[in-house]
Amino acid sequence: QQQVKQSPQSLIVQKGGISIINCAYENTAFDYFPWYQQFPGKGPALLIAIRPDVSEKKEGRFTISFNKSAKQFSLHIMDSQPGDSATYFCAGGSNYKLTFGKGTLLTVNP
Amino acid sequence: EAGVTQSPTHLIKTRGQQATLRCSPISGHTSVYWYQQALGLGLQFLLWYDEGEERNRGNFPPRFSGRQFPNYSSELNVNALELEDSALYLCASSLKLTGENEKLFFGSGTQLSVL
């Protein structure tokens with residue numbers, strides 16, 4: 001049972017553009033929604049996270065938008081840079097456990 | 001401060017053998033998580049240890065097991081290896097505080113190849 005569905009599977013964006021990755025979840029017990037960034041040969045690193053009591057969180061060029069009623073959340077990367085090229089994972093968390101989406105491979109062309 | 005360290009970086013085994021993977025959490029972290037990252041499947045939750053006890057287990061067969069030592073380091077054992085066990089095994093640790101317990105810090109993983 002896939003509890004977190006992530007799309008698209010891959011995404012190509014031009015430098016300076018906006019990258020948007022979407023996730024939908026099924027488990028209403030989730031109370032923590034992080035995004036992780038993974039570079040080749042490295043483990044995932046926490047990028048930004050949100051709790052369901054807010055609809056948006058912004059940190060620099062990265063913004064999470066959260067829609068509790070639709071059980072959806074998304075990551076927006078403004079002014080995308082080639083250094084942002086990586087795999088991005090969304091996740092839902094509850095009871096000390098994270099359930100991850102399958103990941104989005106983002107390529108930012110110079 | 002050192003991050004989560006995993007060893008070995010790469011491990012090659014043949015089908016039917018046993019594999020042992022090791023993880024040292026960030027100093028002060030008591031929780032250790034194991035995830036399997038197989039190609040195209042994202043990160044699949046394997047096991048969670050805290051204070052030396054197994055607290056939760058993912059949907060994996062019993063031949064996946066592990067333990068956590070008094071110094072909070074952890075070991076993942078995979079018995080009777082199958083070809084489909086080939087994957088990157090990631091260890092993560094967290095500091096078990098209210099509101100922070102799901103904030104995972106990952107190591108770089110052990111790439112297990114089963115031939």
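Just so it is clear, the values below take in all heavy atoms, side chains as well, and ignore hydrogens, waters and symmetry mates. So that the names make sense, note that chain A is the first sequence line, chain B the second, and so on, each numbered from 1.
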Only heavy atoms, only distances under 4.5 angstrom. Which residues in [range] are near chain A?
range: residues 56-66 of chain B; answer: Asn56(B)
range: residues 105-115 of chain B; answer: Phe106(B), Gly107(B), Ser108(B)
range: residues 79-87 of chain B; answer: none

Assess the side chains of Asn77(B) and Thr20(B): does a donor N or O sit below 3.5 Å from an acceptor N or O? yes
Verify the distance criterion only: is there a donor paired with an acceptor across the side chains of Thr107(A) and Asn109(A) at less than 3.5 Å? no
Does [X] use its side chain to pair, donor to acceptor, with the backbone of [Y] at less than 3.5 Å?
X: Gln37(A); Y: Trp35(A); answer: no
X: Thr104(A); Y: Pro8(A); answer: yes
X: Lys102(A); Y: Gln9(A); answer: no
X: Tyr36(A); Y: Leu104(B); answer: yes
X: Ser80(A); Y: Gly17(A); answer: yes
X: Gln3(A); Y: Thr99(A); answer: no

Between Glu56(A) and Lys58(A) (salt bridge meaning N to carboxylate O under 4.0 Å), is one present in this structure? no
Got a sec: does the CZ of Arg61(A) have more than 12 other heavy atoms crowding it under 6.0 Å? yes
Expected list for residues 34-44 of chain B: side-chain donor-acceptor pairs under 3.5 angstrom, two or more places apart:
residue	atom	partner	partner atom	Å
Trp34(B)	NE1	Ser74(B)	OG	2.9
Tyr35(B)	OH	Leu98(A)	N	3.4
Tyr35(B)	OH	Leu98(A)	O	2.8
Gln36(B)	NE2	Tyr89(B)	OH	2.9
Gln37(B)	OE1	Gln38(A)	NE2	3.1
Gln37(B)	NE2	Gln38(A)	OE1	2.9
Gln44(B)	NE2	Leu41(B)	O	2.7

Measure the OH-CD1 distance between Tyr88(A) and Ile21(A) for me, rounded to the nearest 0.5 Å. 7.0 Å
Parallel, tilted or perpendicular: which one describes the rings of Phe89(A) and Phe100(A), with boundaries at 30° and 60°? perpendicular
